Amino acid sequence: MPDQDYGVTLGEADAAFRDEVRDFLSTALDDDVRGGRGTEALQRARRWQGRLAAAGLAAISWPVEHGGRSATPVQQLIFAAEMARARAPEPINRSAINQLGPTIIQWGTDDQRAHYLPRILSADDVWCQGFSEPDAGSDLASLRTRGVLDGEHLVIDGQKIWTSKAHYANKIYILCRTDPDAERHAGISYVLADLDTPGIEIRPIRQITGDAEFSEVFFDGARIPLTNVLGPLHHGWKVAKSTLGYERVGQSRTHRIERRLAILTGLADAPNALSDDGLADSYVADQLVRFAAKVEALRQISAQATAAGVRGISPGPEASVAKLLTSEVDQSMANFGLDLTGVTGTLERGSPSAAKKGNVAHSYLVMRAATFGAGTSEIQRNIIAEKLLGLPRDV
Ligand SMILES: Cc1cc2nc3c(=O)[nH]c(=O)nc-3n(C[C@H](O)[C@H](O)[C@H](O)COP(=O)(O)OP(=O)(O)OC[C@H]3O[C@@H](n4cnc5c(N)ncnc54)[C@H](O)[C@@H]3O)c2cc1C
């Protein structure tokens with residue numbers, strides 16, 4: 001039977017998978033895993049991931065032998081759609097599931113896979129990404145954090161910045177320069193480290209929202225075993241490109257924009273700043289339809305790219321299309337939330353008159369960062385222009 005919700009015809013296995021996901025969500029989603037602020041929210045997100053993992057649903061796109069489901073693109077669409085429909089929260093280790101895990105599957109040794117992958121699924125390890133540095137963001141290959149070989153260890157010195165989740169993660173994956181004499185893309189290694197290693201210090205950075213969700217991370221003589229290098233020593237740039245590709249694809253971000261679309265639709269139904277006027281109503285409907293079409297296109301793009309990834313094909317430049325569109329659609333939806341709610345939408349959390357308990361204003365502020373994190377829109381446009389459209393290189 002065609003399932004109009006997904007716009008595809010479901011085979012028997014797909015229909016059974018959909019029913020399994022619906023059953024799971026109908027029982028597993030309760031107040032113990034939703035909402036909360038600060039530490040409480042983290043505990044709930046950890047609990048939620050535990051429930052997903054116990055049901056074998058934490059990382060459905062991973063191969064079965066590594067604890068996933070080897071899910072087909074259609075099953076990934078089903079999963080994302082059902083999660084969005086149920087307004088399920090994100091698991092605590094979302095980025096490790098989507099980025100680091102596939103990178104370890106692709107580049108890790110058997111020992112690294114056996115050790116790290118189950119701990120990502122169970123959230124026993126929560127990871128953060130230490131790539132960016134004060135003078136190495138868009139131009140990541142200019143990074144200066146050093147890793148000096150000393151027997152069976154690398155001794156790491158340097159500074160990372162904008163490290164999301166460092167304040168509650170217990171692990172970090174970083175890039176450091178291990179061969180300073182090599183050509184700049186060649187002398188870099190990809191290293192997995194415990195955040196409680198002596199010589200690592202974390203200093204949270206406060207953001208425009210008032211929250212502190214990312215940090216500076218300082219390395220001062222931190223000794224990391226060589227067995228923690230992922231992929232070939234000095235050739236971590238290729239490994240990092242896999243991670244960045246997976247990050248851009250961001251299947252779970254599709255899940256997030258689907259939820260945002262559902263929230264906007266709810267706001268549009270409620271009495272609001274624009275709905276007194278018939279013209280404005282048609283404007284609202286027009287905007288919602290446009291967003292819905294973009295969300296659907298993004299679901300398809302993400303599912304295809306994820307499917308290619310689990311077949312061992314690193315996401316290519318097309319991942320930049322997914323990243324660019326997702327972040328720009330996400331940002332315009334957050335802006336539209338303000339249009340819909342008017343003055344009350346601008347009030348922050350804690351204000352009794354704030355629309356959606358201040359979440360409209362909070363989303364608007366948070367979404368300023370969407371077109372920066374995981375590579376800026378300008379950088380994605382450069383990649384698309386050069387790698388997909390064959391235009392001349394940026395100089
Ligand atoms: C919310 C958030 C979370 C983040 N989390 C992490 C994390 O967990 N781990 C991590 O390692 N990093 C993280 N980052 C850092 C992120 O990857 C960088 O901010 C991003 O790569 C841009 O680097 P930059 O901030 O140094 O800006 P810059 O590279 O200095 O860029 C400044 C401006 O110049 C433009 N620009 C730069 N080069 C070009 C060019 N060649 N052509 C056209 N325009 C150009 C950029 O588009 C941008 O508008 C996060 C960032 C944000 C906002």
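Just follow the structure's listing: the first ligand is 1, and inside any ligand the first atom is 1. Model, not experiment: these values are computed from the prediction. Just so you know, these numbers use all the heavy atoms, side chains as well, and skip hydrogens, waters and symmetry mates.
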Ignoring hydrogens and angles, write down the donor-acceptor pairs under 3.5 Å from the side chains of residues 190-198, residues two or more places apart or on other chains.
{"from": "Tyr190", "atom 1": "OH", "to": "Thr243", "atom 2": "OG1", "distance (Å)": "2.7"}
{"from": "Asp194", "atom 1": "OD1", "to": "Lys171", "atom 2": "NZ", "distance (Å)": "2.4"}
{"from": "Thr197", "atom 1": "OG1", "to": "Asp194", "atom 2": "O", "distance (Å)": "2.6"}

Relative to Phe372, does Arg368 satisfy both conditions: NZ or CZ under 6.0 angstrom from the six-membered ring centre, and within 45 degrees of the ring's axis?
no
Using links of under 4.5 Å between side-chain heavy atoms of ILVMFWY residues, direct or through other members, which residues join Ile379 in one cluster?
Ile383
Distance from Gln106 atom CD to Ser242 atom OG, nearest 0.5 Å?
4.0 Å
Please check if the number of heavy atoms outside Arg223 that lie under 6.0 Å from its CZ is greater than 12.
yes
Suppose we screen for side-chain contact (heavy atoms from CB on, under 4.5 Å). Which residues come up paired with Ala385, at least two apart in sequence or across chains?
Leu391
Ligand 1 polar-atom proximity to protein (N/O, under 3.5 Å):
{"from": "ligand 1", "atom 1": "5 (N)", "to": "Trp162", "atom 2": "O", "distance (Å)": "2.9"}
{"from": "ligand 1", "atom 1": "5 (N)", "to": "Ser164", "atom 2": "OG", "distance (Å)": "2.8"}
{"from": "ligand 1", "atom 1": "8 (O)", "to": "Trp162", "atom 2": "O", "distance (Å)": "3.4"}
{"from": "ligand 1", "atom 1": "8 (O)", "to": "Ser164", "atom 2": "N", "distance (Å)": "2.9"}
{"from": "ligand 1", "atom 1": "8 (O)", "to": "Ser164", "atom 2": "OG", "distance (Å)": "3.3"}
{"from": "ligand 1", "atom 1": "9 (N)", "to": "Gln129", "atom 2": "O", "distance (Å)": "2.7"}
{"from": "ligand 1", "atom 1": "9 (N)", "to": "Gln129", "atom 2": "OE1", "distance (Å)": "3.4"}
{"from": "ligand 1", "atom 1": "11 (O)", "to": "Gln129", "atom 2": "O", "distance (Å)": "3.4"}
{"from": "ligand 1", "atom 1": "11 (O)", "to": "Phe131", "atom 2": "N", "distance (Å)": "2.9"}
{"from": "ligand 1", "atom 1": "11 (O)", "to": "Ser132", "atom 2": "N", "distance (Å)": "2.7"}
{"from": "ligand 1", "atom 1": "11 (O)", "to": "Ser132", "atom 2": "OG", "distance (Å)": "3.2"}
{"from": "ligand 1", "atom 1": "12 (N)", "to": "Ser132", "atom 2": "OG", "distance (Å)": "2.7"}
{"from": "ligand 1", "atom 1": "17 (O)", "to": "Ser132", "atom 2": "OG", "distance (Å)": "3.4"}
{"from": "ligand 1", "atom 1": "23 (O)", "to": "Ser138", "atom 2": "N", "distance (Å)": "3.3"}
{"from": "ligand 1", "atom 1": "29 (O)", "to": "Ser138", "atom 2": "N", "distance (Å)": "2.9"}
{"from": "ligand 1", "atom 1": "29 (O)", "to": "Ser138", "atom 2": "OG", "distance (Å)": "2.6"}
{"from": "ligand 1", "atom 1": "41 (N)", "to": "Asp394", "atom 2": "OD2", "distance (Å)": "2.9"}
{"from": "ligand 1", "atom 1": "42 (N)", "to": "Asn382", "atom 2": "ND2", "distance (Å)": "3.1"}
{"from": "ligand 1", "atom 1": "47 (O)", "to": "Thr376", "atom 2": "OG1", "distance (Å)": "2.6"}
{"from": "ligand 1", "atom 1": "47 (O)", "to": "Glu378", "atom 2": "OE1", "distance (Å)": "2.7"}

